[in-house]
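One structure below.
All values below were derived from every heavy atom in this structure, side-chain atoms included, with hydrogens, water molecules and symmetry-related copies excluded.
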Amino acid sequence: MRYIMKEKEPASLTHARKTYLKKYSDMREDLKDEIKASLLKEQKHLCAYCMKRISSDDMQIEHYVPQHPNGNIPQEEADRLSIDYNNMQGVCNGGKSAANHSTDDLTCDQHRGNAPLTVNPLRNETIEKIAYRSNGEIYSMDQQINNDLDKTLNLNAPGSYLVKNRKEALESFQSYVERHFAGKRLTFDDWSELLTKIQNGRDGECQPFVGIIEYYINRKIRQHSIS
């Protein structure tokens, strides 16, 4: 999971809210397609939760505050938030398309259901509390956020291959650094340039599972800052 900087909502959504749209279930499919395109752009084609690659064909529009909040807030407020662009994120299918998938292996919103979350991709102060182990596991020293990651969103589910994929992404980046810099001891500026390159991605897309790489680079940067 990584920080998402929201952009301006599609003008068509603004117009729909002013004219006919009162809740998400009434939204037309063509408008959903425009919203998906906008979410993909600002998320650099990665799932807001697990950081898998997503496309307009296999993504879903997720609501941070659920459409059906189980009494946590009034339904009228939930309906209003269901058409608020700042409450929308693009996510993967959570593994539900896999043959013979188990509920234990579902991830992201498919495992979350309507459970509330503390961690929020739109709030950097919560994203900064996320950490990764070298084996690819995601965790947090904040108990509530760790529960979000490990239990509610199930981002370490053994059957999902997410841990394995994060580990491979990190190892691939480390191999790249070793080849590219050929034994050179990287400076603060070197790591900072690598971070910018990783965060910008290529052609508007970041590589899948980039969050673990960003975490690794930021640790290197902090080490230089205190040395």
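Contact check for L194 versus L186: side-chain heavy atoms found under the 4.5 Å cut-off. Taking 4.5 Å as the limit, some side-chain heavy atom of R2 sits within range of a side-chain heavy atom of Q199. At a threshold of 4.5 Å between non-hydrogen side-chain atoms, the residues S82 and M27 do not count as touching. The closest side-chain heavy-atom distance from I61 to K36 is below 4.5 Å. Inter-residue side-chain proximity for Y49 and Q89 is flagged as met; some heavy-atom pair is nearer than 4.5 Å.
With sequence neighbours excluded, no residue satisfies ring pair (Phe, Tyr, Trp, His ring centres under 6.0 Å) with Y64. With sequence neighbours left out, A115 forms a side-chain contact (heavy atoms from CB on, under 4.5 Å) with R112, T152. Residues that satisfy the side chain to side chain donor-acceptor pair (under 3.5 Å) test with E128, not counting sequence neighbours, are N124.
A distance-only check finds a donor-acceptor pair linking the side chain of N165 to the backbone of Y161 [under 3.5 Å]. A distance-only check finds a donor-acceptor pair linking the side chain of E42 to the backbone of E7 [under 3.5 Å]. The main-chain N or O of L81 is found under 3.5 Å from a side-chain atom of N87 such that the two form a donor-acceptor pair. Put simply, the side chain of D26 never gets that close to the backbone of L21: no donor and acceptor are under 3.5 Å apart. In this structure a side-chain-to-backbone donor-acceptor pair under 3.5 Å is present from N200 to T196. Formation of a donor-acceptor pair under 3.5 Å by the Q75 side chain with backbone atoms of Q67 is found in this model. When atom types are taken as modelled, the side chain of H224 and the backbone of D189 share no donor-acceptor pair closer than 3.5 angstrom. Using a distance-only test at 3.5 Å, with no hydrogens or angles considered, a donor-acceptor pair links the side chain of N218 to the main chain of E214. Remark: side-chain polar atoms of Q43 are paired, donor with acceptor, to backbone N or O of L46 under 3.5 angstrom. For D109 (side chain) and E62 (main-chain N/O), no donor-acceptor pair under 3.5 Å exists by modelled atom type.
Note: W191 and Y216 have perpendicular aromatic rings, judged against thresholds of 30 and 60 degrees for the angle between ring planes.
Residues Y85 and T14 have side chains that never bring a donor and an acceptor to within less than 3.5 angstrom of each other.
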Exercise for review: Report the C-alpha separation of K164 and E168 in whole Å, then their side-chain angles, then the decisive distance to 0.1 Å, and conclude whether the salt bridge (charged side-chain N to carboxylate O under 4.0 Å, His left out) test is met.
Suggested key: CA-CA 6 Å; K164 175 178 178 289; E168 290 178 350; 2.8 Å; yes
Practice item. Could you give me the CA-CA distance, side-chain angles and deciding distance for D190 and K184, then say whether salt bridge (charged side-chain N to carboxylate O under 4.0 Å, His left out) is met? Key: CA-CA 10 Å; D190 290 330; K184 174 188 173 183; 3.1 Å; yes
Point to revise | E137 vs K167, salt bridge (charged side-chain N to carboxylate O under 4.0 Å, His left out): CA-CA, chis, key distance, verdict | key: CA-CA 8 Å; E137 290 181 352; K167 181 175 184 288; over 6 Å; no
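Taking every heavy atom of both residues into account, G95 and L106 meet most closely at C-CD2, 3.7 Å.
Other residues, nucleotides and ligands contribute more than 12 heavy atoms inside 6.0 Å of the CD atom of E125. Within 6.0 Å of NZ in K129 there are 12 or fewer heavy atoms belonging to other residues, nucleotides or ligands. The environment of NZ in K23 is sparse: at most 12 heavy-atom neighbours from other residues, nucleotides or ligands sit within 6.0 Å.
Figure legend: cation-pi geometry between K52 and F209 absent, as NZ or CZ is not positioned both under 6.0 Å from the six-membered ring centre and within 45° of its axis. Seen from the ring of Y139, R133 counts as a face-on cation partner, given the 6.0 Å and 45° thresholds.
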